[in-house]
Amino acid sequence: MARILITSAIPYINGIKHLGNLVGSQLPADLYARYMRARSHEVMFICATDEHGTPAELAAAKAGKPVAEYCAEMWQVQKNLSDGFRLSFDKFGRSSSPQNHALTQYFAGRLAENGYIEEVTEKQVYSNADGRFLPDRYIEGTCPNCGYEKARGDQCENCTKQLDPTDLIDPRSAISGSTDLEVRETKHLYLRQSLLKDRLDEWIASKTDWPVLTTSIARKWLHDGDGLRDRGITRDLDWGVPVKRGDADWPGMEGKVFYVWFDAPIEYIAATREWADAEGLGEAAWRRWWRTDEGADEVRYVQFMGKDNVPFHTLSFPATIIGSGDPWKLVDYIKSFNYLNYDGGQFSTSQGRGVFMDQALEILPADYWRWWLLSHAPENSDSEFTWENFQSSVNKDLADVLGNFVSRVTKFCRSRFGEAVPEAGSYGPGEAVVAAELTERLAAYAAHMEAIDIRKAAAELRAIWVAGNEYLQEAAPWAVFKEDPDRAAAIIRFSLNLARFYAVLSEPFIPDASATLLKALKAEDAAWPQDVDAALSALPAGHAFDVPENLFRKITDDERAAWQERFAGGRG
RNA sequence: GGGCCUGUAGCUCAAUUGGUUAGAGCAGAGCGCUCAUAACGCUUUGGUUGGGGGUUCGAGUCCCUCCGGGCCUACCA
């Protein structure tokens, strides 16, 4: 048994996430966590909300609420949706937690002691009307290059030229539209990650088994221009972790907070501490996952994230950990994902285009989405959600192949033998062939899950389901029953055991259907099969069961058409 | 502008990292079965691997070039 630490990129607090966000980190992380638990490993699966930063403050203001209250409410909304999708976090924390405040300040203090923090005075645009400093992209104006009137302070969307906010003609606040802007001096802390460039470079170079997507982004940042640049880790905002040096005040930094991307990854650690605190456990309970001098040297740490998060997880966060000089656990493997597109374009929050987590659960149970999203996870390139594809995957894979297999076996048994596993007859060569095939497929399935090859694992699982229908067709118990009822009994006993076997193997992908099936079969043993022959005898002769309701219903053409229209966007 | 990824059957994706005749699922066609959610099984039709050139005994895979799609480019997170 091993110990596996799994973190999913933490979703931003501002609003409900869409299916692309879900499949980019939380859902595959959940699949992996469930699989590792099923294999009897000790798992710590961590997620949280990322609550700081300008967008959270603006969203709260728009909602007319104090930002703390807004975040607390949105945390609950996201927590409910996580539960709805059966995301099996051991802790769904909050980056605004006291634990994260303390740890973030601690890390900053350690980095300062070790010479990795620099104080820099710089000029930034301040909006008098908004009463705040404006991030570059919150300043709009006319592009000096192409004349586009809605160019942002960091880049012109029209001509793609990179800009400095002071380049803009007629600059105004993107928040209020106010032109009452001025340039003020402000002091910030910079993380001197350039000093760690060689160590990070060496570390990344050693990760030869990581996805290309992960390492190529890291290498680009390490080698672009003059190499890895230092990074500002503080902001002039109200909502965030106050800048402190450990427990001590930081002279000159009063009223400032740490930058969201400094405190967000630290929340992985802090959330584990939140878990330990909530469980009434001591310090050692969380530290054994994170401190290599306190047990974490035996931990395998795997992170899941969308490609936009890669630089922070491959560079900034490791720089924070290495720079602390403490034996904190560094990530062992990073699984990164491309984006999921929606029906020929992108998901769009502002245009209401695409399916969002709350809407998805309104129209269909979580398993339907989990299956489609995971079996089409954007691992190698951006992938595409279409309603036609979704409908055919759900109807074919879940309803026809798996659901109908369970249905035909349990109902046939009920009508011929009653609602208990039939006793007569014994397994023969036909069953041995299937068991041999399944032994091979089970090994392949496990190998893909270990390697986090999600689509391949899904394809293998489907093939395992199909094997049941092939067997049933070949064995034809409905015909055999007329001549040799004992033989038919053995076939059905084997098939009922296949159904239990499927419930166990499918749990990481479709936990609800798996639970429903196990319950109907009254199966006490849901352990991962060590031996396929043994597993296919787990339900003994005479074992009573219930015929379950259909595990999955089909999506009709009318529903598909209606949903396609409803989620097309255009603010309708 | 720079960097990276990507283009394979009507659709969604594979192809053991340069190795026989490029494979699956869905959709289409035919046959079979009647236990089951009009479900299942078997057979089968679909490809100049975006175009062109090159390296090699051998290229979907490597190189050059052109065309298309996407992401990143450090103050959104």
Side-chain angles (χ1 to χ4, degrees), chain A residues 9-14 50 52-56 58 122 124-125 133-139 152-155 160-162 164-165 188 193 211-213 215-217 219-221 223-225 228-232 235 259-261 264 306-312 315-316 338-339 341 346 372 375-376 378-386 388-393 395-416 455-456 458-459 462-463 466 468-481 488 491-492 495 549-554:
Chain A
I10 65 179
Y12 198 65
I13 192 70
N14 180 9
D50 177 15
H52 299 137
T54 309
L58 296 180
E122 55 194 8
Q124 263 195 317
V125 175
F133 282 95
L134 297 176
D136 290 357
R137 71 173 49 200
Y138 282 96
I139 303 161
R152 291 186 321 211
D154 57 340
Q155 184 174 39
T160 74
K161 187 177 167 62
Q162 294 198 34
D164 191 90
H188 282 298
Q193 50 187 19
V212 178
L213 185 64
T215 50
S216 65
I217 292 172
R219 270 198 283 268
K220 162 71 172 159
W221 281 54
H223 299 144
D224 191 38
L228 188 60
R229 282 176 247 166
D230 295 341
R231 188 158 190 126
R235 294 289 183 272
Y259 175 42
V260 55
W261 261 115
K307 56 185 167 186
D308 50 335
N309 283 342
V310 167
F312 304 99
L315 303 168
S316 309
N338 287 283
Y339 292 146
N341 289 320
Q346 294 187 336
W372 189 88
S375 60
H376 295 79
E379 290 177 290
N380 297 328
S381 62
D382 291 354
S383 66
E384 170 110 347
F385 176 92
T386 65
E388 289 82 359
N389 192 303
F390 178 67
Q391 180 192 25
S392 80
S393 287
N395 290 358
K396 205 68 200 172
D397 300 349
L398 296 182
D400 293 348
V401 176
L402 177 61
N404 184 52
F405 173 77
V406 170
S407 187
R408 62 197 297 209
V409 170
T410 53
K411 286 176 183 169
F412 182 83
C413 184
R414 178 172 62 187
S415 71
R416 301 299 198 282
R455 281 186 308 203
K456 288 179 182 173
R462 187 189 191 280
V466 167
N469 284 313
E470 289 172 354
Y471 165 74
L472 217 49
Q473 191 67 29
E474 173 72 22
W478 50 88
V480 170
F481 182 79
I491 293 168
I492 290 306
S495 300
E549 294 294 309
N550 284 344
L551 291 178
F552 302 99
R553 73 173 185 86
K554 295 200 186 192

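Numbers restart at 1 for each chain; the letters A, B, ... are given by sequence-line order, proteins then strands.
Against the 90° criterion about 0, the sugar-base torsion of B/G46 places it in the syn range.
Residue contacts for A/Phe312: at a heavy-atom cut-off of 4.0 Å it reaches a base atom on one of the strands shown. Nucleic acid contact class of A/Arg219 (heavy atoms, under 4.0 Å, all strands): none. Within the 4.0 angstrom heavy-atom criterion, only backbone atoms of the sugar-phosphate kind lie near A/Val466; the bases stay farther away. If you check every strand for non-hydrogen atoms under 4.0 Å, A/Pro477 touches nothing. Using a 4.0 Å heavy-atom criterion, one finds that A/Gly53 contacts the sugar-phosphate atoms exclusively. Among the protein residues, A/Phe405 comes within range of no part of the nucleic acid, since none of its heavy atoms lies under 4.0 Å from any strand. Residue contacts shown for A/Glu549 are absent, as no nucleic acid heavy atom lies under 4.0 Å away. Residue A/Asp154 is classed as a sugar-phosphate contact, given heavy-atom separations below 4.0 Å to backbone atoms only. A/Thr54 comes within contact range of the sugar-phosphate backbone alone, with a heavy-atom separation under 4.0 Å but no base atom that close.
Scanning RNA chain B for stems, defined as runs of 3 or more consecutive Watson-Crick or G-U wobble pairs whose donor-acceptor distances all fall under 3.5 Å, gives the following ranges: B:1-7 with B:67-73, B:10-13 with B:23-26, B:28-32 with B:40-44, B:50-54 with B:62-66.
When the nucleotides B/A74, B/A36, B/U37 are ranked by their closest atom to the side chain of A/Leu551, B/U37 comes out on top.
B/C63 and B/A22: their C1' atoms are spaced 22 Å apart (whole Å).
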### Task
Please report the C-alpha distance between A/Leu472 and A/Trp478 in whole Å, then the side-chain angles of each, then the deciding distance to 0.1 Å, and finally whether the side-chain contact (heavy atoms from CB on, under 4.5 Å) criterion is met.
CA-CA 9 Å; A/Leu472 217 49; A/Trp478 50 88; 4.2 Å; yes
Polar atom pairs (N or O), protein with nucleotides 30-32 of chain B, under 3.5 Å:
residue	atom	partner	partner atom	Å
B/G32	N2	A/Gln473	NE2	3.1

### Task
Sugar-phosphate atoms are those with a prime plus P, OP1 and OP2; base atoms are the rest. Using that split, label each nucleotide of nucleotides 4-13 of chain B B, S or - for protein heavy atoms under 4.0 Å, 5' to 3'.
SS------SS
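When rounded to the nearest whole Å, the span between CH2 of A/Trp221 and P of B/C75 equals 7 Å.
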